[in-house]
Amino acid sequence: MWGFSVWRRCIHCSLSVMKKLKGKTAAEQRWVLRQLKDPYVKASHAQNFRCRSAFKLLEIDDKFRLLQPGYSVVDCGAAPGAWSQVAVQRVNSAGTSRHGRFKSHGFKTQYNV
C-alpha cells in the first residue's frame, strides 16, 4: 500500500514536470529543470520574494551593512523588484530607526534645517 502511494506521487510529479516542459526548446527545458531544483528559488517562494536575487542583496548587506534604518534607497531598473523588497525590509520604509528617531546621515537637502 505504501509503495503504491509513493509510486503514484512520483507519477504525478513527473506529469506536472512534463506539462511544464511540453513545447519548449532544449535550452528552455534545461532552464525549467534547473529552476525546479534550485534551493534559492524554493526559498524565495517560501519567503514571498519576487525572485532569487533577493538573497544576493541579503548576503551583500549582511557582509557590508549597506542598508541602515532611515537610509534612502533608489532602485534603478526595479524589475522584478526583489531588491526593492529587501531594501524596504532592511531600511525600514517608515524612515525611523529602532529607537523611533529619524536618523540623519549628513546629506544636505533643502529640507534639512
Side-chain angles (χ1 to χ4, degrees):
M1 183 64 129
W2 181 80
F4 178 73
S5 121
V6 171
W7 179 77
R8 192 171 128 192
R9 197 173 315 145
C10 289
I11 293 292
H12 175 72
C13 291
S14 61
L15 286 177
S16 67
V17 169
M18 293 302 287
K19 286 180 185 177
K20 290 179 183 178
L21 297 177
K22 187 177 179 182
K24 300 204 182 301
T25 65
E28 291 171 332
Q29 290 177 5
R30 286 191 305 270
W31 182 85
V32 168
L33 291 174
R34 193 172 56 241
Q35 287 292 102
L36 291 173
K37 294 177 184 177
D38 189 355
Y40 289 107
V41 172
K42 292 176 184 177
S44 68
H45 289 295
Q47 296 181 22
N48 294 322
F49 287 127
R50 291 178 183 243
C51 62
R52 66 190 298 271
S53 66
F55 295 103
K56 294 175 185 177
L57 183 58
L58 288 170
E59 186 176 322
I60 291 168
D61 187 45
D62 288 342
K63 186 174 183 179
F64 297 108
R65 300 281 183 214
L66 300 174
L67 302 172
Q68 299 290 325
Y71 275 18
S72 296
V73 176
V74 177
D75 189 357
C76 300
W83 281 39
S84 295
Q85 286 180 304
V86 171
V88 165
Q89 289 177 358
R90 291 283 175 112
V91 172
N92 185 4
S93 63
T96 59
S97 69
R98 292 182 182 168
H99 305 292
R101 298 185 304 255
F102 181 77
K103 187 175 180 182
S104 176
H105 299 288
F107 296 109
K108 299 290 182 194
T109 65
Q110 63 184 5
Y111 302 108
N112 286 352
V113 179

**Item:** Selection residues 41-50 - residue pairs positive for side-chain hydrogen bond (donor to acceptor under 3.5 Å, both in side chains), sequence neighbours left out
**Value:**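 The answer is none; no pair qualifies.
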**Message:** For Leu58, give me all partners under side-chain contact (heavy atoms from CB on, under 4.5 Å), at least two apart in sequence or on another chain.
**Reply:**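 Testing Leu58 for side-chain contact (heavy atoms from CB on, under 4.5 Å), a comparison that skips the adjacent residues, returns Phe49, Phe55, Val86, Arg90.
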Which pairs would a plain distance check flag for residues 73-84, meaning a side-chain donor or acceptor within less than 3.5 Å of a matching protein atom at least two apart in sequence or in another chain?
from, atom 1, to, atom 2, distance (Å)
Asp75, OD2, Ser84, OG, 2.7
Trp83, NE1, Ser53, O, 3.0

**Under 3.5 Å donor-acceptor, Asp61 side chain and Leu67 backbone** =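 Answer holds: yes.
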Residues 27-37, side-chain donor-acceptor partners within the protein, below 3.5 Å, at least two apart:
from, atom 1, to, atom 2, distance (Å)
Glu28, OE1, Thr25, N, 2.9
Glu28, OE1, Thr25, OG1, 3.4
Gln29, NE2, Lys24, O, 3.1

